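Small disclaimer: the values here were computed from a predicted structure and weren't measured.
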Amino acid sequence: MITSVVRVPWHSTHGGYDRLLDHLPEARRITPPTRLLAQRAAVAAHRAVRRRCPLPFYPSEHCATDLRLLASRGPAHVLYGDEQFWFSRHRPGPTAVTYHQPPDRLRRLLPHTAWRHLAPRAEQIIVLDPHQQEFFAGYVPPERVHLVPHGIDTTVFTPALCPTGRVLVLTVGWWLRDWTVLDTVHERLHHLYGSDIELFVVTRQADSRPWHPAVRVLEDISEQTLIALYRQAAVMLLPLLDASANNAVLESLACGTPVVATDVGGIRHYTGNGPGAVLTEPGDARAATEAVEEILSETGTRSQAIRRSHARYRAEHFAWPGVADQTRHVYRLLENT
């Protein structure tokens, strides 16, 4: 089994979907070339074929892994099908493909006619939430679409024994975030609590938009710093426009930090319905503020301990070893194709 993966640069060391392969030692990774001559060849090939690829994001690194996939006849797993499975759909060997984006984003990625030709080229499709499962079941037989969740390293993302310091409200990430709701909630929390709480945002492209004056914005921080923030936070505030799986949700839960998130896409599939998470309707800043206030009001009480314990318990459902076992089942189907 070979696996095609390009490391997502903004994921932390132990975060991201490619960490799945740490628990699948039988899978051999295909990665972009590191030698200068091979890199130049990949750039030249990319220049020749880029205009024929409709995917909006298709750099030379992806083209290089596609070429290696095309040269192999054995079974393969493409870990980021949204970006890496276009030219390699013509490969002679059986292929499993994982898709990450929610259905609305997939529809924007390619038109219906393109999906009709592309999706069936994968013998097995792995999806991360039930909504994606429904989307691909419209293009291939349902038995070829497998819901295997995103995982989390529960040995690295772990709770603190007892959160200390000022009360902290944390937001992490940038993709499909609802900044309008976040700004409104930050304003209301600052009005209610003033300097009694800290408002932190860890994000990419921090200078690309304005922030509330009370918010501390961090970018390019170490994984150790990120985990320390998760552990210290009283609550993870995550207003979303859409989602399938979400690294920030899983990392927060694994660190025992309750989540207030928008009930969109696959979020409920990961948070469940317990006290470790409160889900609010899209665009409802008032409900998000009230949910954060409720969690903050429990600081130092048994209710807080129950929330944090349940958050961690929920994350353990998605520990990588169990996810790897589910992926192996798909690999066996692929090898028997």
Sub-4.5 Å side-chain heavy-atom contact between His46 and Val43: no
Separation between CD of Glu219 and OG of Ser208, rounded to the nearest 0.5 Å: 8.5 Å
Ser60 side chain vs Ala42 backbone, donor-acceptor pair below 3.5 Å: no
Thr184 side chain vs Thr180 backbone, donor-acceptor pair below 3.5 Å: yes
Close aromatic pair by centroid cut-off 6.0 Å: Tyr99 and Phe135: no
Neighbour count >12 (heavy atoms, 6.0 Å) for atom CZ, Arg116: no
Heavy-atom side-chain proximity of Phe87 to Cys63 below 4.5 angstrom: no
Chi angles and distances behind the side chain to side chain donor-acceptor pair (under 3.5 Å) call for Ser4, Gln84: CA-CA 8 Å; Ser4 173; Gln84 292 177 261; 3.0 Å; yes
Leu69 to Ala76 - nearest heavy-atom pair and separation: CD2-CB, 3.7 Å
His14 and Phe157 aromatic centres sub-6.0 Å: no
Straight-line distance of Ile126 CD1 to Arg144 CZ, nearest 0.5 Å: 13.5 Å
Atom NE2 of His90: over 12 foreign heavy atoms under 6.0 Å: yes
Spacing of CG belonging to Leu106 relative to NE2 belonging to His131, to within rounding of 0.5 Å: 13.0 Å
Name each donor-acceptor pair under 3.5 Å that joins a side chain in residues 272-284 to protein atoms two or more places apart or in another chain, with its distance.
| residue | atom | partner | partner atom | Å |
| --- | --- | --- | --- | --- |
| Asn273 | OD1 | Arg268 | NH1 | 2.5 |
| Asp284 | OD1 | Arg286 | N | 3.3 |
| Asp284 | OD1 | Ala287 | N | 2.9 |

Whether His112 and Tyr139 hold their rings parallel, tilted or perpendicular, with breakpoints at 30° and 60°: tilted
Nearest heavy-atom neighbours spanning Leu250 and Gly151: CD1-O, 3.7 Å
Tyr58 versus Glu83, side-chain donor and acceptor atoms under 3.5 Å: no
Any donor-acceptor N/O pair, Gln101 side chain to Asp82 backbone, under 3.5 Å: no
Side-chain touch Thr171/Val202, heavy atoms, less than 4.5 angstrom: no
Ala27 backbone acceptor or donor facing Thr3 side chain under 3.5 Å: no
Residue pair Thr98, Tyr17: steps toward the side chain to side chain donor-acceptor pair (under 3.5 Å) verdict: CA-CA 10 Å; Thr98 298; Tyr17 187 66; 3.0 Å; yes
Ring pair (Phe, Tyr, Trp, His ring centres under 6.0 Å) involving Trp174 - partner list, sequence neighbours excluded: Trp10
Minimum heavy-atom distance Leu218-Arg216, with the two atoms named: CD2-NE, 3.7 Å
Note: Arg188-Glu293 ion pair, threshold 4.0 Å (strictly below): no
Smallest separation among heavy atoms of Pro239 and Val181, with atom names: CB-CG1, 3.7 Å
Main-chain N/O of Val323 paired to Arg328 side chain as donor or acceptor, under 3.5 Å: no
Qualifying ring pair (Phe, Tyr, Trp, His ring centres under 6.0 Å) pairs with a residue from residues 234-288, counting only residues at least two apart or across chains: Tyr270-Phe318
Val172 and Tyr230: CA distance, side-chain angles, deciding distance, side-chain contact (heavy atoms from CB on, under 4.5 Å) verdict: CA-CA 9 Å; Val172 174; Tyr230 279 130; 3.7 Å; yes
Any donor-acceptor N/O pair, His329 side chain to Asp325 backbone, under 3.5 Å: no
Exam field: side chain Ser252 to backbone Ala248, donor-acceptor pair closer than 3.5 Å: no
Salt-bridge present (Arg177, Asp242; N to O < 4.0 Å): no
Within one Ile-Leu-Val-Met-Phe-Trp-Tyr cluster: Leu296 and Ile306, side-chain cutoff 4.5 Å: no
Cationic tip of Arg89 above Trp86 ring, under 6.0 Å, 45° of axis: yes
Over 12 foreign heavy atoms within 6.0 Å of CZ, Arg50: yes
Audit row: Glu26, Met1, side-chain contact (heavy atoms from CB on, under 4.5 Å) steps and yes/no: CA-CA 7 Å; Glu26 66 270 31; Met1 173 67 67; 5.6 Å; no
Euclidean distance, Arg91 CZ relative to Phe85 CZ, rounded to 0.5 Å: 8.5 Å
Test of ring centre spacing under 6.0 Å for His150 and Trp320: yes
Val185 and Leu237: CA distance, side-chain angles, deciding distance, side-chain contact (heavy atoms from CB on, under 4.5 Å) verdict: CA-CA 9 Å; Val185 176; Leu237 171 61; 3.6 Å; yes
Atom pair CE/CD of Met236 and Glu251 - distance to nearest 0.5 Å: 8.0 Å
Spacing of Ser88 atom OG and Ile30 atom CD1 [to the nearest 0.5 Å]: 9.5 Å
Flag, side chain of Thr95 to backbone of Gly93, donor-acceptor distance under 3.5 Å: yes
Residues Glu298, Arg307: salt bridge by 4.0 Å N-O rule: yes
Side-chain heavy atoms of Val148 within contact of Leu128, under 4.5 Å: no
Least distance between heavy atoms, Thr327 atom then Leu20 atom: OG1-CD1, 3.8 Å
Donor-acceptor under 3.5 Å (Ser72 side chain, Gly74 main chain): yes
Minimal non-hydrogen separation, Asn247 against Gly15, with atom names: OD1-C, 4.4 Å
Single-linkage hydrophobic cluster, 4.5 Å side-chain cutoff, Val127 and Trp175 together: no
Donor on one side chain, acceptor on other, His100 and Tyr80, under 3.5 Å: no
Criterion side-chain contact (heavy atoms from CB on, under 4.5 Å) on Arg121 and Val97, from CA distance to verdict: CA-CA 10 Å; Arg121 298 307 296 259; Val97 182; over 6 Å; no
Check: Gly256 main-chain N/O paired with Arg231 side-chain donor or acceptor under 3.5 Å: no
